[in-house]
Amino acid sequence: MATYTLPELPYDYAALAPVISPEIIELHHDKHHAAYVKGANDTLEQLAEARDKDQWGSINGLEKNLAFHLSGHILHSIYWHNMTGDGGGEPLDKDGVGELADAIAESFGSFAKFKAQLTKASATTQGSGWGVLAYEPVSGRLIVEQIYDHQGNVGQGSVPILVFDAWEHAFYLQYKNQKVDFIEAMWQVVNWQDVAKRYTSAKQRANNLLLAP
């Protein structure tokens, strides 16, 4: 039985239009995300075979493949819920997400400064990657990470709470090579309720990171 499964979308393909077209959502979820799920499961089977046969010639490639596919699955699973057709704007206390708004202001100086940093980090990824707002448990602050592929350049222990997919498959059919335009448009569909829940959950689990006995 497969360890990982493709989650269902929390909305229909057209829910994020016109920011993201139904065609992109369908291909992105049903093909690309599904491929990462399959890749993670296939790699686990290959690692099990290596253990059974005590053959380790491919260990480096298998471990890299597992990190790549598993991280792709995790980030996409967050991505779908980070968006809503009723989203956008900025987190505000009157909307019940004041704790998140305060954390953003404390960590970045203001929402505008945070937005500028995450926009630039996402739009300037070299090749394929992500822009990510993450909770960093050692300092208890929010940080922005610029991730290449799905797994590189990540601070250990950080918990992603808002992710912007900057791979070409996330936007090319609609935005062509204008990655900056896509990232700017993404702010119109951010689901701050979801981001706030992830922030609260990440804070509650912060003590799980054991730096010293």
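- Between the CG atom in Leu118 and the CD atom in Gln146 there is a gap of 10.5 Å [rounded to 0.5 Å].
- Residues Val37 and Leu6 have side chains in contact (heavy-atom distance under 4.5 Å, counting atoms from C-beta outward).
- Nearest approach of Ala17 to Pro22, heavy atoms of both residues: CB-CD, 4.3 Å.
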Requested in this report: Quick one: do Val189 and Thr84 satisfy side-chain contact (heavy atoms from CB on, under 4.5 Å)? Show the steps, please.
Outcome: CA-CA 5 Å; Val189 294; Thr84 175; 6.0 Å; no

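- Asp12 contributes a side-chain N or O that, together with a main-chain N or O of Ala15, makes up a donor-acceptor pair within less than 3.5 Å.
- Annotation: the span from Ile161 atom CD1 to Leu133 atom CG amounts to 4.0 Å, rounded to 0.5 Å.
- Proximity of a side-chain donor or acceptor of Gln174 to a complementary backbone N or O of Ser21 within less than 3.5 Å is detected.
- Annotation: side chain of Val180 is not in contact with side chain of Tyr175 (no heavy-atom distance under 4.5 Å).
- A ring-centre distance under 6.0 Å is found for Trp187 and Phe164.
- Residues Val97 and Ala196 approach most closely at CG1-CB, 3.4 Å, considering heavy atoms.
- With values rounded to the nearest 0.5 angstrom, Leu142 atom CG is found 8.0 Å from Tyr135 atom OH.
- Taking the six-membered ring for Trp and thresholds of 30 and 60 degrees, Phe182 and Phe171 have nearly parallel ring planes, at less than 30 degrees apart.
- When all heavy atoms of Trp192 and Ile104 are compared, the closest pair comes out as CZ3-CD1, 4.4 Å.
- For Glu168 and Ser128, the side-chain atoms include no donor-acceptor pair closer than 3.5 Å.
- Each of His29, His32, His73 was evaluated against Trp80; a single residue qualifies, His29, per the ring pair (Phe, Tyr, Trp, His ring centres under 6.0 Å) test.
- By the 4.5 Å heavy-atom criterion applied to side chains, Asn60 and Lys64 are not counted as neighbours.
- Thr124 and Lys179 share no donor-acceptor pair across their side chains, judged by distance under 3.5 Å alone.
- In this structure, His33 has its ring center no closer than 6.0 Å to that of His28.
- Contact record, Gln151 with Ser71: CB-OG, 3.5 Å, taken as the closest heavy-atom pair.
- Side-chain contact between Asp30 and Tyr13 is present, with heavy atoms from C-beta onward closer than 4.5 Å.
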Requested in this report: Evaluate the salt bridge (Lys or Arg N to Asp or Glu O under 4.0 Å) criterion for residues Lys203 and Glu99: first the C-alpha distance (whole Å), next the side-chain angles of each, then the deciding distance (0.1 Å), finally the verdict.
Outcome: CA-CA 11 Å; Lys203 284 207 311 176; Glu99 185 179 9; 2.5 Å; yes

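- Here the two rings, on Trp130 and Tyr79, have centers that are under 6.0 Å apart.
- Between the side chains of Asp194 and Asn82, at least one donor N or O sits under 3.5 Å from an acceptor N or O.
- Atom OG of Ser107 sits about 10.0 Å away from atom CD of Gln117, to the nearest 0.5 Å.
- Of all the heavy atoms in Ser158 and Ala134, the pair that sits closest is CB-CB, 4.0 Å.
- Closest approach of Pro160 to Val132, counting heavy atoms only: CB-CG1, 3.7 Å.
- Residues Leu66 and Trp56 fall within the same hydrophobic cluster, defined by Ile, Leu, Val, Met, Phe, Trp and Tyr side chains chained together at heavy-atom separations under 4.5 Å.
- With hydrophobic clusters built from ILVMFWY side chains whose heavy atoms lie under 4.5 angstrom apart, Met83 shares a cluster with Leu173.
- For the atom pair Lys115 NZ and Glu90 CD, the distance stands at 8.5 Å (nearest 0.5 Å).
- A side-chain N or O of Ser139 and one of Glu136 form a donor-acceptor pair less than 3.5 Å apart.
- More than 12 heavy atoms of other residues, nucleotides or ligands shown are found within 6.0 angstrom of CD on Glu26.
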Report task. Starting from the C-alpha separation in whole Å, work towards a yes-or-no answer on side-chain hydrogen bond (donor to acceptor under 3.5 Å, both in side chains) for Glu184 and Thr119. Result -> CA-CA 7 Å; Glu184 289 287 356; Thr119 297; 4.9 Å; no

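- Side chain of Thr43 to main chain of Gly39: a donor-acceptor pair is present (N/O by atom type, distance under 3.5 Å, no hydrogens or angles).
- The CG atom of Asn41 sits 10.5 Å away from the NE2 atom of His69 when rounded to the nearest 0.5 Å.
- Side-chain atoms of His76 and Asp165 include a donor-acceptor pair closer than 3.5 Å.
- Taking the six-membered ring where the residue is Trp, the centroids of His150 and Trp167 are separated by under 6.0 Å.
- Met186 is connected to Tyr11 through a chain of hydrophobic side-chain contacts under 4.5 Å among Ile, Leu, Val, Met, Phe, Trp and Tyr, so both are in one cluster.
- Cluster membership for Val154 and Val138, using ILVMFWY side-chain heavy atoms within less than 4.5 angstrom, is not shared.
- Under the 4.5 Å side-chain contact rule for hydrophobic residues, Leu75 and Ile143 do not share a cluster.
- By the 4.5 Å heavy-atom criterion applied to side chains, Thr125 and Tyr148 are not counted as neighbours.
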